[in-house]
Each structure stands twice: as structure tokens, then as C-alpha cells.
Q: 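Let me give you the structure first, and then I'll get to my questions.
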Amino acid sequence: MAEEHKHEESIMEKISEKIHGHGDSSSSSSDSDDEKKSDSSSLKTKIYRLFGREKPVHKVFGGGKPADIFLWRNKKVSGGVLGAATVSWILFELLEYNLLTLFGHVSILALAVLFLWSSATTFIHKTPPHIPEVHIPEEIVLQLASGLRVEINRGFTVLRDIASGRDLKKFLMVIAGLWVLSKVGSSCNFLTLVYIATVILFTVPVLYEKYEDKVDDFGEKAVKEIKKQYAVLDEKVLSKVMSKIPIGALMKKKL
């Protein structure tokens, strides 16, 4: 009996050792998995994205149908929109066609065709054409108005911060942007500017999405160089200029 009891105890010890060994291996494997996950997450956080982007390009554009159009997910719709914009620019800019004249001619042609078609169906005993009811959904209008209101308020806040003299860097960037915009506006009219913006909107995002790793790498190097040059400019010029301005002196005393 004693030998059987010892044999049972040895079997139980072996089982417990196997269980503990398996637990140690599973815990070590889980620890290694956690380390791999932390390493991968740290690598992901180290990746530089242009303009501090954290979402994919498709999500930046809203992730819906507009994003599909801008990123050429639906090539027929994207090509149709860009083609319509190109035809409109050619008509109004190159051929100098008037917008009201074009609207009037197209409306006359469409109404005349539909009217004659509907009238002819009564004589030839065929079903008249189905003319759909067109209405603008209230929800879409409210969403657009809400989004536009948020962006306008954000712009007013930025302009207020700039005008109050709190951020010299932002002030110089806005002044440079407005100067470039004035130069572009003096060389082309509003319609051409809108068409150029449309072409950029339909080409730059899709190309960036395709080559984002290369563009982000180049952007990181460019941002580092710009920051380096700005630091030199701030040390040699801007700090001396701000020290001579009373507002800058007062702000430094408050800080």
C-alpha cells in the first residue's frame, strides 16, 4: 500500500510539473506576444504622416461616397465629374459662353423634348415618359450647413488669435498664404481657380494614397529642415524684432 501511495504521489507531481511548465510557457509566449505587440505599436507610432494624419486618406475625406469619388474608387463617376468640370471650364472660359445663356438653352431644349414626347404618347397610345420627382433632402442640407458653420467658426477663431498677436509663426504663415493667393488671383480668374482646385482634388489625393510612404518620408525630411531654418530665423531676426515691439515685450512679461 505504501508503494502504491508513493507511486500515486509521483504521478501527481509529474502532472503538476507539466501543468506548471505549460503555464510558464504560455505565460512566456503571451509575454513575447505582448512585447511584439508593443514593439509593433511603437513602430506604428514612430511612423511620420503628413500634416499629423492619423487616419487613412479615405477616412480623412469622410469615408463615404465623396471619398470614393475623390479617390477614384468608382472610376466612372469620378471620370464623369472631372469630365463635366473640364467641359464647363472650356465652355465658360475658353469659348466665353455665358452661364445664364447656357442654363436657358439647356432648359429650353430639355423642356421642349419632354413636352413633345409626353404629347406624342397620347397619339401613338404609348406610356408617357417617367419624370422623377426631384427634391433636396433636409438631412443633407443640415449636415452641410452644420459642417460649414463649424469650419467658418474655426476660421474666425484662427483669425482672432492671429490678430491678437499671440503667435508670430502663424501670422507669418497666413500672410504668406494670402500673398500667394493674391498673386494667383491676379493671374487667373475665379472660374479657372476653381477648376485648378478641382483638378488638384481629383489627382493629388489619389497619387498621395498610392505613394504615401515615399511622400511621408520626404515630408518628414522637409519639415525637419523647415523647423531648423525657422529656428535660425527666429534666433537671428524674429526674436530681435519682437523685443523691439511693445506688444511682444508685454506678452513676454506676462509669460
Side-chain angles (χ1 to χ4, degrees), residues 49-51 53-159 181 184-185 187-212 215:
R49 294 300 180 191
L50 204 62
F51 304 115
R53 178 176 58 86
E54 298 179 354
K55 299 178 180 179
V57 181
H58 192 267
K59 292 292 183 181
V60 173
F61 282 93
K65 290 183 178 180
D68 293 338
I69 293 173
F70 292 137
L71 297 176
W72 292 80
R73 297 287 194 272
N74 191 340
K75 294 183 180 180
K76 291 182 179 180
V77 177
S78 301
V81 174
L82 186 59
T86 304
V87 170
S88 301
W89 179 75
I90 292 173
L91 285 174
F92 298 134
E93 183 65 23
L94 299 182
L95 301 181
E96 297 182 355
Y97 211 75
N98 189 276
L99 177 61
L100 292 176
T101 305
L102 179 63
F103 177 76
H105 289 172
V106 171
S107 300
I108 290 171
L109 181 62
L111 290 174
V113 169
L114 292 174
F115 178 80
L116 293 175
W117 190 1
S118 301
S119 300
T121 54
T122 59
F123 295 102
I124 60 178
H125 303 288
K126 289 188 176 182
T127 57
H130 176 69
I131 303 174
E133 294 182 1
V134 180
H135 65 280
I136 300 175
E138 182 180 1
E139 184 179 358
I140 295 177
V141 176
L142 292 177
Q143 289 178 355
L144 290 174
S146 178
L148 185 62
R149 180 185 63 83
V150 171
E151 294 300 327
I152 290 175
N153 290 336
R154 187 180 299 173
F156 284 151
T157 303
V158 172
L159 292 176
L181 184 63
V184 173
S187 60
C188 60
N189 57 17
F190 180 73
L191 183 62
T192 302
L193 191 62
V194 170
Y195 178 67
I196 292 173
T198 304
V199 173
I200 291 174
L201 193 60
F202 274 88
T203 53
V204 173
V206 67
L207 291 175
Y208 171 69
E209 187 183 35
K210 188 176 181 180
Y211 305 102
E212 61 177 338
V215 175

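What you are looking at is a predicted structure, and each value in this text was computed from that prediction instead of being measured. Counting begins at 1 with the first residue of the sequence.
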Q: Do I69 and N74 touch side chain to side chain, with heavy atoms closer than 4.5 Å?
A: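 Not touching, per the 4.5 Å side-chain cut-off.
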Q: For residues 136-147, dump all side-chain donor-acceptor pairs below 3.5 Å to protein atoms at least two apart in sequence or in another chain.
A:
residue: E139; atom: OE2; partner: Q143; partner atom: NE2; Å: 3.4

Q: Under the salt bridge (charged side-chain N to carboxylate O under 4.0 Å, His left out) rule, what pairs show up with a residue in residues 195-211, not counting sequence neighbours?
A: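 Listed by first then second residue: R73-E209.
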Q: Can you give me the closest heavy-atom contact between L71 and H58, atom names plus distance?
A: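 Looking at all heavy atoms of both residues, the shortest contact is CD1-CA, 3.6 Å.
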Q: Is there a side-chain contact between F156 and E151, using heavy atoms and a 4.5 Å cut-off?
A: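 No, side chains not in contact.
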Q: Do side-chain atoms of W72 reach the backbone of F202 as a donor and acceptor pair under 3.5 angstrom?
A: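 Yes; at least one donor-acceptor contact below 3.5 Å.
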Q: For the CG atom of N98 and the CG atom of L91, what is their distance to the nearest 0.5 Å?
A: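 These two atoms lie 11.5 Å from each other.
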Q: What distance do L201 atom CG and I196 atom CD1 have between them, rounded to the nearest 0.5 Å?
A: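 Result: 13.5 Å between the selected atoms.
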Q: Taking atom types as modelled, find out whether T86 and Y195 have a side-chain donor-acceptor pair closer than 3.5 angstrom.
A: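 The criterion, which ignores hydrogens and geometry beyond distance, is satisfied for Y195 and T86.
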Q: Looking at CG of L95 and CD1 of I90, how far apart are the two atoms once the value is rounded to the nearest 0.5 Å?
A: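 If we round to the nearest 0.5 Å, L95:CG and I90:CD1 are 7.5 Å apart.
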Q: Do you know the tightest heavy-atom contact between T121 and T127?
A: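 Between these two residues, the closest heavy atoms are CG2-O, 3.5 Å.
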Q: Hey, could you give me each pair passing salt bridge (charged side-chain N to carboxylate O under 4.0 Å, His left out) that has a residue in residues 56-69? Not counting sequence neighbours.
A: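 Non-adjacent pairs meeting salt bridge (charged side-chain N to carboxylate O under 4.0 Å, His left out): zero.
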Q: If I take atom CG from residue N153 and atom OG1 from residue T157, how far apart are they, to the nearest 0.5 angstrom?
A: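 One finds 6.5 Å between CG of N153 and OG1 of T157.
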Q: Quick one: pull up OG in S88 and CG in L191 and give me the separation to the nearest 0.5 Å.
A: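 Reported to 0.5 Å precision, the distance equals 8.0 Å.
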Q: Between S187 and V184 (side chain of the first, backbone of the second, donor and acceptor by atom type, cut-off under 3.5 Å), is there such a pair?
A: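 Checked: pair present.
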Q: Say whether, by atom type as modelled, one donor and one acceptor occur between the side chain of S78 and the main chain of F70 under 3.5 angstrom.
A: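 Judged by distance alone, no pair lies under 3.5 Å.
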Q: Is a side-chain donor or acceptor of T192 paired with a backbone partner of C188 at a separation under 3.5 angstrom?
A: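 No, T192 side chain to C188 backbone: no donor-acceptor pair under 3.5 Å.
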Q: Supply the atom-to-atom distance F92 CZ to L99 CG, rounded to the nearest 0.5 angstrom.
A: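 So the gap between those two atoms works out to 4.5 Å.
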